[in-house]
Number of protein chains: 4
Amino acid sequence: MLGEPEKRRAILHAAVRVFAEKGYHGCRIADVARQAGVAYGLVYHYFRNKEALLEKVFEEQWAIFLAAVRAIREGPGSSSERLAGVCRFAVDVLKTAPAAVRVLLLEMARTPNVVRAGHTRQTFEDALHLVAEMIADGQRAGEIRREIDPVVGAAGLLGALELSLTAMVLGTVPSGTEAEVERAKQQVVAFVLQGLRADR
Amino acid sequence: MLGEPEKRRAILHAAVRVFAEKGYHGCRIADVARQAGVAYGLVYHYFRNKEALLEKVFEEQWAIFLAAVRAIREGPGSSSERLAGVCRFAVDVLKTAPAAVRVLLLEMARTPNVVRAGHTRQTFEDALHLVAEMIADGQRAGEIRREIDPVVGAAGLLGALELSLTAMVLGTVPSGTEAEVERAKQQVVAFVLQGLRADR
Amino acid sequence: MLGEPEKRRAILHAAVRVFAEKGYHGCRIADVARQAGVAYGLVYHYFRNKEALLEKVFEEQWAIFLAAVRAIREGPGSSSERLAGVCRFAVDVLKTAPAAVRVLLLEMARTPNVVRAGHTRQTFEDALHLVAEMIADGQRAGEIRREIDPVVGAAGLLGALELSLTAMVLGTVPSGTEAEVERAKQQVVAFVLQGLRADR
Amino acid sequence: MLGEPEKRRAILHAAVRVFAEKGYHGCRIADVARQAGVAYGLVYHYFRNKEALLEKVFEEQWAIFLAAVRAIREGPGSSSERLAGVCRFAVDVLKTAPAAVRVLLLEMARTPNVVRAGHTRQTFEDALHLVAEMIADGQRAGEIRREIDPVVGAAGLLGALELSLTAMVLGTVPSGTEAEVERAKQQVVAFVLQGLRADR
DNA sequence: GATGAATGAGGCTTCATTCAT
DNA sequence: CATGAATGAAGCCTCATTCAT
């Protein structure tokens, strides 16, 4: 990645913004090129086609997310604190780079089947298993209930996170102020860690 | 809907299958018509355009899902049993009518702002608020923790459900046999109701 | 072919003219559509793509030529008279339908490799073997020298014919007047036949 | 041409191979450059554009062919022996440098009027007239039948030669072994000469 | 001389939509 | 109601050519 052409990077940045804005199918390569400030043809100099560009965008954004999750996993705190950290981080990213999150959330499931079977799907499963590992860590430490299958737990955590973020993106759950964001984080963490039921 | 032309119905059925298979953007009106066994001019006889067809598909599928959820809400059992019932029902539908679930999951609220501010989004929010009501019911009954915002809780529940179903569709979580499906249901219910944390 | 849509035919006719005028690579589908007086998209309603259209043009033109050659073969006269008839016919066609001949001569060899290996090549070999059969007929009748391999003889005949026609198309060999055409026919026949004829 | 840059030569060599392989329109400048092992900007350093490159390729290949034909014309033997020599030489070249022959055969004079009224066509007519001269020589010497128009005769000879070579390239006429090649030569010569020869 | 990034017009192809029958 | 031929705008992609280094 060192010495990566600056314009290639500009195209990827632009693609994130444009995909987020209009969706994969709603935008044209011309939009990406214009947004990036480069000539139309240059997009095809760096990427095989529109699909490959989307693929690359996914790859990079997920890589960033996964790297952060891995860092949290290696970091300090109990297992449940670390899992909470993942949720908090995700919400923070939503406020920092909403476009990136939108692409990840909105376009992930919408790419053609072929792609889904390819790299993107692999990346998705990587994320799932990484979180599953964190859950298994917690089970070994006795912090996480042993009856939960780590993979189902990971799907539950990420799914709850995703739809909560979507609700925030759509405005159904308020997230305008600092305080609202903080409250949303706590809610999600509470849901994931403790569930809905009151009694126990 | 009484006396609804048989071919109109055939087109809607076909649309569910085709959208599920290839996605909204990945299929052509011709695909729907072929699958339905009608001429494709006929699609335009019954539906204003492609978008309207998708809307109608959503509307019908959601109506079915919402009706079931409402029935569960009105039915017997404690609040947490009823919320569990929603989860169980969703997993059952996945096995009965996977195509319908795929369409709902993949094409749902996940379309960029501009395009679909319309009916679909409204329908999505209906579902969210219906579940939120169930949670509020539980809070009033003292069964559900009061700190949880019902809307965030609903988003968490549906999100966890959705990604778990997706994992089942993709095969990451096994759901081939009757027993596997039953186990998956229990896992999801446990996650949603009790969360991940062991100690309390 | 009965009940063949009139516009499909118009497109094929137009394609012959346009390919002849500008060559396969030099013309656009838009040119064909305009020449045919139909909408752009209709070309794609009837033909898979540009290549398939060319393929079809070849097929039809060759079919006409081959049918005529077969008729000549079945008709009266000695073998050498029939072979002469093929040459005369070809020159006549050049004057009647120069566009068709131009396409056959100029584009035959210029299509992408893939096609060449396909139907077009088959058609070419059909023509070669049909003429070879006529030569073999003549050998059995003692009219054509037995040392000549029929296939090489056919290649020689058709090649001589083709380049002579090309020379006429290009104007290097005059073919403006009735008399010039007649003289050219005699020349070609003389060249071809006296090379094949056994007696001397 | 002395001191001609080595890379310029590499580009020309590569162009012959690539044009032969995929045809003029079927290849990109990048293909030529890659085949030549140079950067593709360099092609534009040495040649004005793609068309000019093709022209140059023709010019060189024809120059070689024409030089050989001229040498044969100046050489020993009767007129018919010399014409036979031209045929034999052409077949030999096919085996030695099939790519060059393919380019000459496939891309030669066969381009629509407008595009290439230029050098290439002139070169083609040069060849035609050169062979026509050899025929006229033979007529003056009484070896070749006087009724044949030398230009038509030349077109016949070259056409017969071309299509026979094409048939060999395609494998319709066998030319794998030394003996098959020799037999093919004899056949072509017999076809061509006995059509031209006065005596019988 | 040599490189390859950058440009952008051109053209094929798709497909939602309309319309005559 | 039903059909499918007809339309044409939209957009992806290619690739010859230029240009800064």
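Naming: A, B, ... by sequence-line order, numbering from 1 per chain.
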Practice prompt. Would you kindly give the CZ-to-C1' distance between A/Arg8 and E/dA6, to the nearest whole Å?
Written response: 16 Å
Fill in: C/Tyr40 side chain reached by C/Arg34 side chain, heavy atoms, under 4.5 Å
no
Item to complete: Please determine, for the side chain of B/Tyr46, which listed nucleotide (E/dA6, F/dT7, F/dC1) has the closest atom?
Response: F/dC1
Discussion item. Do D/Tyr46 and D/Leu12 have side chains that approach each other closer than 4.5 Å (heavy atoms only, starting at C-beta)?
Written reply: no
Practice prompt. Enter the distance from D/Asp126:CG to D/Leu66:CG here, rounded to the nearest 0.5 Å.
Written response: 6.5 Å
Practice prompt. Figure out the CG/P separation between B/Leu54 and E/dA16, and round it to whole Å.
Written response: 12 Å
Practice prompt. Between D/Gly37 and B/Asn49, name the one whose nearest nucleotide on DNA chain E is closer to the 5' end.
Written response: D/Gly37
Worksheet entry | Integer-rounded Å distance: E/dC12 P and C/Tyr24 OH | 8 Å
Worksheet item: DNA chain F: C/Val38 or A/Gly26, which has the more 5' nearest nucleotide?
Response: C/Val38
Worksheet entry | Options F/dA2, E/dT3, E/dT13, nucleotide nearest the side-chain atoms of C/Tyr44 | E/dT13
Worksheet item: In terms of the nearest nucleotide of DNA chain F, which residue is placed more toward the 5' end: B/Val43 or D/Cys27?
Response: B/Val43
Fill in: Integer-rounded Å distance: E/dC12 P and A/Ile29 CD1
21 Å
Fill in: Minimum-distance nucleotide to A/Tyr40 side chain [options: F/dC12, F/dT3, F/dG8]
F/dC12
Worksheet item: According to the Watson-Crick and G-U wobble definition with distances under 3.5 Å, which dot-bracket string, read 5' to 3', encodes DNA chain E, using [ ] for crossing pairs and | for pairs with another strand?
Response: .||||||||||||||||||||
Worksheet, complete the sentence: Winner on side-chain proximity to D/Ala39, out of E/dG4, F/dT3, F/dC1, is E/dG4
Worksheet entry | Salt-bridge criterion met for D/Lys56 and D/Glu59 (N-O under 4.0 Å) | yes
Discussion item. So if I take every side-chain heavy atom of B/Lys50 and compare against E/dT17, E/dT3, F/dA6, which nucleotide ends up nearest?
Written reply: E/dT17
Item to complete: Answer yes or no: is there an ion pair linking B/Arg48 with B/Glu55, defined by an N-O contact shorter than 4.0 Å?
Response: no
Worksheet entry | A/Asn49 vs A/Ile29 side-chain heavy atoms within contact, under 4.5 Å | no
Worksheet entry | Nearest to side-chain heavy atoms of C/Leu42, which nucleotide of E/dA16, F/dT7, F/dC1 | F/dT7
Fill in: Spacing between C/Arg28 atom CZ and E/dT13 atom P, to the nearest angstrom
15 Å
Practice prompt. In sequence, state the C-alpha distance, the side-chain angles, and the governing distance for C/Val32 and C/Val38, and then conclude on side chain to side chain contact (heavy atoms under 4.5 Å, CB included).
Written response: CA-CA 9 Å; C/Val32 174; C/Val38 303; over 6 Å; no
Item to complete: Determine, for D/Tyr24 and D/Lys50, whether the Lys NZ or Arg CZ falls below 6.0 Å from the six-membered ring centre while staying within 45 degrees of the axis.
Response: yes
Response to the item:
Looking only at F/dC12, F/dG4, E/dG1, the nucleotide nearest the C/His45 side chain is F/dG4
Discussion item. Rounded to whole Å, how long is the line connecting atom CG of B/Asp31 with atom P of E/dA16?
Written reply: 8 Å
Fill in: Gap between atoms CD and C1', on A/Glu51 and F/dG11 respectively (whole Å)
15 Å
Worksheet item: Of B/Ala30 and C/Ala30, whose closest DNA chain E nucleotide lies nearer the 5' terminus?
Response: C/Ala30
Discussion item. Between C1' on F/dG11 and CZ on A/Arg34, what's the gap in Å once rounded to a whole number?
Written reply: 12 Å
